[in-house]
Visitor: 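Below you'll find the structure I mean.
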Number of protein chains: 2
Amino acid sequence: MSDIAIRPRKEFGKTIAADITHRLREEIIACGLAPGEPLRFDVLRERFGASFTTLREALTALAAEGLVDAQEQRGFRVAPVSRQDLVEVTDARVLIEVELIRRSIERGDDDWEIAVISTLHRLKRIEQRDPEHPLRDPEWKIAHRQFHQALVSACGSATLLAIRADLFDRAERYRHLSANFRPRPRDKAGEHQAIMQAAISRNADLAVQLIEAHIRSTSDNVAKYAGHLLDAE
Amino acid sequence: MSDIAIRPRKEFGKTIAADITHRLREEIIACGLAPGEPLRFDVLRERFGASFTTLREALTALAAEGLVDAQEQRGFRVAPVSRQDLVEVTDARVLIEVELIRRSIERGDDDWEIAVISTLHRLKRIEQRDPEHPLRDPEWKIAHRQFHQALVSACGSATLLAIRADLFDRAERYRHLSANFRPRPRDKAGEHQAIMQAAISRNADLAVQLIEAHIRSTSDNVAKYAGHLLDAE
DNA sequence: AAAAGCCATATTTTCGAAAATCATACCGTT
DNA sequence: AACGGTATGATTTTCGAAAATATGGCTTTT
């Protein structure tokens, strides 16, 4: 009976390094670690309970994803934010997401349609619980991510999906950055619904147009409500 | 006088991990480490003279670039090659490179033009030395990379340039893979010249068309002459 | 003979100490 | 006071031993 409720030191089957990478990623995206903040090993060691080298491995991986900034011989810090970076991430997302939506609409089968519909359904359910502050709900975040993931999942390119995933994470961090200052969410539910319908009805041009507007308006909102955080560096 | 000719254990100002990452990357691209080959720490330790954890950090970084395949609890191996992966890399390169060429042509200033012209000039000079086997010449590889880099350097997006660089490396590995079986290089010099002229004369449509043909014909050549290496896995 | 369990060995993964490097404060000189 | 150099403490980076995990062969059982 002694082993009840002992939290496992890592997820099953994973290395500690992979687990730390995951936890650090989530924390950076959620801005629990502020942009530009130095990531000192003493602090991380205490917070995550891992050794120097394991942490170093995790930070190296996150640096490749663009969430951490590695400064040779001077340690790591959370990747800074800036208007320029926000614009770059947004443009890159549009370029790639538009292409992947087209390919998915062209290639998607029944399973794809089901995935799109069901992930949207779950997202709506969760939104009904707390319509005011969806971003604060971890489940909403997951469901939102999964819906967008489902939309492009039939594109057929693991390579582009991996790139897309990294950009999505970087964009999500910006959303979190502005979440505390944004008066109230716009009608995302309606936008998601429209995107889903365009995709399922195989109207690629419309779906692409809606997705681009969706991405850009999210980005514009960040620039509008978190602008003061993007300039001061 | 005792310190003459002692090779420094690392490049100036860099960490050992960054140095090892660089050397491993070059070796994988050049197929000195074969696709799919297991990367055991004993062997790497001897070959690169670094410790477990330093090597691990390098391998983690290369895994994020798609040159190394990390298998949880079962070590690392050189990323395998396949027809599917070649197609994905090629398509992704076309998508991104086309966009970056357009942006560079639109935004490039005098310095950009000079960089394009001078990197092409150097490339041609090197090609004259050994017109038969350019890929075996390390200087040609560098010059070739720099010419293509110069073409897109004015695009204004560090984010997309970083993605492009990773894809370029992955594609270059496939070129090396087929280099030993390819009878003789096609007229790359002429293609590069035409691309340069289209770019400098700000003919975006033509430049894009030429770049896409350039990338795809290179990929087709790999599939043609290294096909036997892409299926057997 | 095939499958399942078990042990021994090979290999990866993690750790904290030690070395290397950087940042800062101090001191002497101009 | 300003500057340059140097010592000191803080922090990162590297290392090889030790722990954890996987692999392959051997034995036993069905």
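The figures here come from the full heavy-atom set of this structure, side chains too, leaving out hydrogens, waters and symmetry mates.
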Visitor: Within this structure, what is the CZ-to-P distance between B:Phe48 and D:dT14, rounded to whole angstrom?
Guide: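 Taking atom P of D:dT14 as the reference, CZ of B:Phe48 is at 15 Å.
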
Visitor: From CG of B:Asp19 over to P of D:dT13, roughly how many Å is that when rounded to an integer?
Guide: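 After rounding, the reported distance stands at 14 Å.
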
Visitor: I need the CD-P distance between B:Glu57 and C:dT14, as an integer number of Å.
Guide: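 Rounding to the nearest Å, CD of B:Glu57 and P of C:dT14 are 14 Å apart.
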
Visitor: Any carboxylate oxygen within less than 4.0 angstrom of a Lys/Arg side-chain nitrogen, looking at B:Glu97 and B:Arg164?
Guide: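 A salt bridge is present here (some side-chain N lies under 4.0 Å from a carboxylate O).
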
Visitor: Is the charged tip of B:Arg45 near the ring of B:Phe52: under 6.0 Å from the six-membered ring centre and within 45° of its axis?
Guide: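 Yes, B:Arg45 lies over the aromatic ring of B:Phe52.
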
Visitor: Do any side-chain nitrogens or oxygens of A:Thr54 fall under 4.0 Å of OP1 or OP2 in C:dC15?
Guide: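 For C:dC15, OP1 or OP2 has a side-chain N or O of A:Thr54 closer than 4.0 Å.
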
Visitor: Check whether any side-chain heavy atom of B:Leu100 lies under 4.5 Å from a side-chain heavy atom of B:Ile96, and answer yes or no.
Guide: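 Counting from C-beta outward, B:Leu100 and B:Ile96 do come under 4.5 Å.
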
Visitor: Give every donor-acceptor pair under 3.5 Å between a side-chain atom in residues 27-37 of chain A and any protein atom, sequence neighbours left out.
Guide:
from, atom 1, to, atom 2, distance (Å)
A:Glu27, OE2, A:Arg47, NH1, 2.2
A:Glu37, OE1, A:Ala34, N, 2.8

Visitor: Figure out the NZ/P separation between B:Lys14 and D:dT14, and round it to whole Å.
Guide: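 It works out to 13 Å between those atoms.
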
Visitor: What's A:Thr53 touching, base or sugar-phosphate or nothing? Going by heavy atoms closer than 4.0 Å.
Guide: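 If one applies the 4.0 Å heavy-atom cut-off, A:Thr53 turns out to touch a base.
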
Visitor: Expressed in angstrom and rounded to an integer, what is the separation of B:Leu55 atom CG from D:dG16 atom C1'?
Guide: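 In whole Å, D:dG16 C1' and B:Leu55 CG are 13 Å from each other.
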
Visitor: Extract from the structure each pairing of a protein N or O with an N or O of nucleotides 8-12 of chain C at less than 3.5 Å, listing the distance.
Guide:
from, atom 1, to, atom 2, distance (Å)
C:dT12, OP2, B:Phe41, N, 3.1

Visitor: Would you call A:Glu172 and A:Arg145 a salt bridge, taking side-chain N to carboxylate O under 4.0 Å as the test?
Guide: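 Salt bridge flag = yes for A:Arg145 with A:Glu172.
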
Visitor: Do the numbers put A:Arg175 on top of the ring of A:Phe168, so that NZ or CZ is under 6.0 Å from the six-membered ring centre and no more than 45° off the axis?
Guide: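 So A:Arg175 does make the cation-pi contact.
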
Visitor: How long is the line joining CG of A:Leu59 and C1' of D:dT13, in whole Å?
Guide: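 After rounding, the reported distance stands at 13 Å.
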
Visitor: Give the rounded distance in Å between these two atoms: CG of A:Leu44 and C1' of D:dT12.
Guide: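 It works out to 12 Å between those atoms.
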
